[in-house]
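Taking it in order: structure first as structure tokens, then the write-up.
Residue numbers start from 1 in every chain, and the chains themselves are labelled A, B, ... in the order their sequence lines are given, proteins ahead of strands. Bear in mind the structure is a predicted one, so any value in this text is a computation, not a measurement.
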Number of protein chains: 2
Amino acid sequence: MPRGNGTGPPWWHGRFRGGGYRMTIPRETIVNVLSKTSKHLSAEDVYMAVHKIHSNIGLTTVYRTLELLVQMGLVFKFDFGDGRARYELSEGPKGERHHHHLVCTSCGRVIDYTDFIDEEIELLNQTEKGLSKKYNFNITSHLIQFYGQCNGCNLK
Amino acid sequence: MPRGNGTGPPWWHGRFRGGGYRMTIPRETIVNVLSKTSKHLSAEDVYMAVHKIHSNIGLTTVYRTLELLVQMGLVFKFDFGDGRARYELSEGPKGERHHHHLVCTSCGRVIDYTDFIDEEIELLNQTEKGLSKKYNFNITSHLIQFYGQCNGCNLK
DNA sequence: CTTGATAATGGAAACCATTTTCAATAGGAG
DNA sequence: CTCCTATTGAAAATGGTTTCCATTATCAAG
Ligand SMILES: [Mn+2]
Ligand SMILES: [Mn+2]
Ligand SMILES: [Zn+2]
Ligand SMILES: [Zn+2]
């Protein structure tokens, strides 16, 4: 029978099952950790958070699961230049959450932004179309990051 | 006396001396290697090319020099997702050669493009201005890469 | 609810690009 | 030409990520 409260299985279960993957405690826990933060976590970060919940989950599994999630398109993997990969849930139940980044080269802070994406999308589409034709290149995604000094690092 | 032929000291000598750095064989050789290619070389690539000319130059020095060149602004350092940094001369005697990249996720090919940069610059400036104000963020540079399948990987 | 095939896991070891160490070398000002 | 010290190169260390492989757990089938 369906549960009395409104708590059905998390929306991402279907994504795993649909892909032919098993639903496991580590996977469940890792996605949960990612879905509860807006930060850009490293594999180690995820491991530590996950470890508080199930101390037996290994770092290897965290790496494997994150890679799987990236493959599935559920997670974005970024390199902000600090020598370790950063991971972030790519979508919620509602859909994609594509965005770009401001990276502070002083303190390493990373700011998500979607504000100016409308104007950007304009040029992006134009550019992608032009480049596709010019180089006969099938564009599937893009990476846009701005570097500089953040609020806190500016004034001082 | 100045040399009889038109071969003065390479234009980048001044950049080193001006920065208070010594002009050495390894540095000379490394910049030469970079200036003779339009490819995106890894440290290992540079090392191998340099090794053919002066077999005594070490990989460590290649890393150190590339880092110095990046610091000096003479070289761009990129991450195309293959686990190693890629380097490329940022300017010639004439000036900057800033550009963006198309990265083939199938074969790893990287295409430079400057063609559509005019339209891009428009939005880029707009976006940078908007973001700067909105987040009080001092933008100094940006990274733009498009991913997809190249010419060769497309048709097949 | 069992069972069984096999997908998934976790600890340890391996990988591998990059960095650090440190004694030897060489650039270039004086 | 000399001397100070920036620079170099070999070897070892680092540190994030992968690989190995024996053990465990998922879940379709009965
Ligand atoms: Mn983000
Ligand atoms: Mn390039
Ligand atoms: Zn900052
Ligand atoms: Zn290709």
Side-chain angles (χ1 to χ4, degrees), chain A residues 9-10 12-33 40-72 74-75 77-87 108, chain B residues 9-10 12-31 33 40-72 75 77-87 108:
Chain A
W12 60 75
H13 276 210
R15 300 294 236 86
F16 277 94
R17 312 303 297 283
Y21 300 111
R22 294 179 179 174
M23 226 24 250
T24 68
I25 305 286
R27 286 171 180 173
E28 176 92 50
T29 310
I30 289 167
V31 179
N32 252 310
V33 161
H40 304 85
L41 303 180
S42 67
E44 186 83 31
D45 292 337
V46 173
Y47 171 68
M48 291 190 298
V50 143
H51 190 265
K52 288 181 191 163
I53 306 172
H54 294 287
S55 60
N56 55 312
I57 296 177
L59 179 57
T60 304
T61 296
V62 170
Y63 272 106
R64 267 189 303 233
T65 301
L66 287 172
E67 196 52 40
L68 176 63
L69 289 167
V70 169
Q71 246 47 32
M72 291 168 52
L74 263 181
V75 161
K77 181 181 185 177
F78 290 106
D79 168 30
F80 295 131
D82 66 341
R84 71 203 62 196
R86 299 278 169 176
Y87 302 87
Chain B
W12 61 74
H13 276 211
R15 301 293 237 88
F16 278 93
R17 311 303 296 280
Y21 302 109
R22 293 180 180 174
M23 221 30 246
T24 68
I25 306 286
R27 286 170 180 173
E28 176 92 47
T29 311
I30 289 166
V31 179
V33 162
H40 304 85
L41 303 180
S42 67
E44 185 83 31
D45 292 337
V46 173
Y47 171 69
M48 290 190 297
V50 144
H51 189 265
K52 288 181 191 163
I53 306 171
H54 294 287
S55 60
N56 55 312
I57 296 176
L59 178 57
T60 305
T61 296
V62 171
Y63 272 106
R64 267 189 303 233
T65 301
L66 287 172
E67 197 50 42
L68 176 63
L69 289 167
V70 169
Q71 246 49 30
M72 292 167 53
V75 160
K77 181 181 186 178
F78 290 105
D79 167 31
F80 295 132
D82 65 342
R84 70 203 61 198
R86 299 278 168 177
Y87 303 87

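Rounded to whole angstrom, the span from the CG atom of A/Leu59 across to the P atom of D/dT17 amounts to 9 Å. In this structure, CG of B/Leu69 is placed 12 Å from P of D/dT7, rounded to the nearest angstrom. The nearest whole Å value for the distance from the CZ atom in A/Phe16 to the C1' atom in C/dT9 is 14 Å. The separation between A/Leu66 atom CG and C/dG10 atom C1' is 15 Å, rounded to whole Å. Between the CZ atom of B/Arg84 and the P atom of D/dT17 there is a distance of 16 Å, given to the nearest Å. The CG-P distance, from A/Leu68 to C/dT9, rounds to 9 Å in whole Å. The distance from atom CD of A/Glu44 to atom P of D/dT18 is 14 Å, rounded to the nearest whole Å. Between the CD atom of B/Glu28 and the P atom of C/dA26 there is a distance of 17 Å, given to the nearest Å.
Between B/Ala43 and B/Leu59, the closest heavy-atom pair is O-CD1, 4.1 Å. Residue B/Met23 comes nearest to B/Arg17 through the heavy atom pair CB-CD, 4.4 Å, listed as atom of the first residue, atom of the second, then distance.
Ring pair B/Tyr47/B/His51 is tilted by interplanar angle, where 30° to 60° counts as tilted.
Candidate nucleotides C/dA8, D/dG9, D/dC27 were compared by shortest atom distance to the side chain of A/Thr24, and C/dA8 ranks first. In this structure, the nucleotide among C/dG10, D/dC27, D/dG9 sitting nearest to the side chain of A/Arg64 is C/dG10. In the set C/dT9, D/dG16, C/dA17, the nucleotide with an atom closest to the side chain of A/Tyr63 is D/dG16. Nearest to the side-chain atoms of B/Thr60 among the listed nucleotides D/dA10, D/dT8, C/dG10 stands D/dA10.
Taking 4.0 angstrom as the limit, B/Arg17 places a side-chain polar atom (N or O) nearer than this to OP1 or OP2 of C/dA29.
Side-chain N or O atoms of B/Arg84 include none that pairs as donor or acceptor with a backbone N or O of B/Ser42 at under 3.5 Å.
For the pair B/Ile57 and A/Glu67, nearest-nucleotide mapping onto DNA chain D gives the more 5' position to B/Ile57. Comparing B/Ile25 and B/Gly83 by the nucleotide of DNA chain C that holds the closest heavy atom to each, the one mapping nearer the 5' end is B/Gly83. Comparing B/Arg22 and B/Ser55 against DNA chain D, the residue whose closest nucleotide sits nearer the 5' end is B/Arg22.
Put simply, the side chain of B/Arg27 and the base of C/dG27 share no donor and acceptor less than 3.5 Å apart.
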Show the numbers, then the answer: is there a side-chain contact (heavy atoms from CB on, under 4.5 Å) between B/Phe16 and B/Leu68?
CA-CA 10 Å; B/Phe16 278 93; B/Leu68 176 63; 4.1 Å; yes

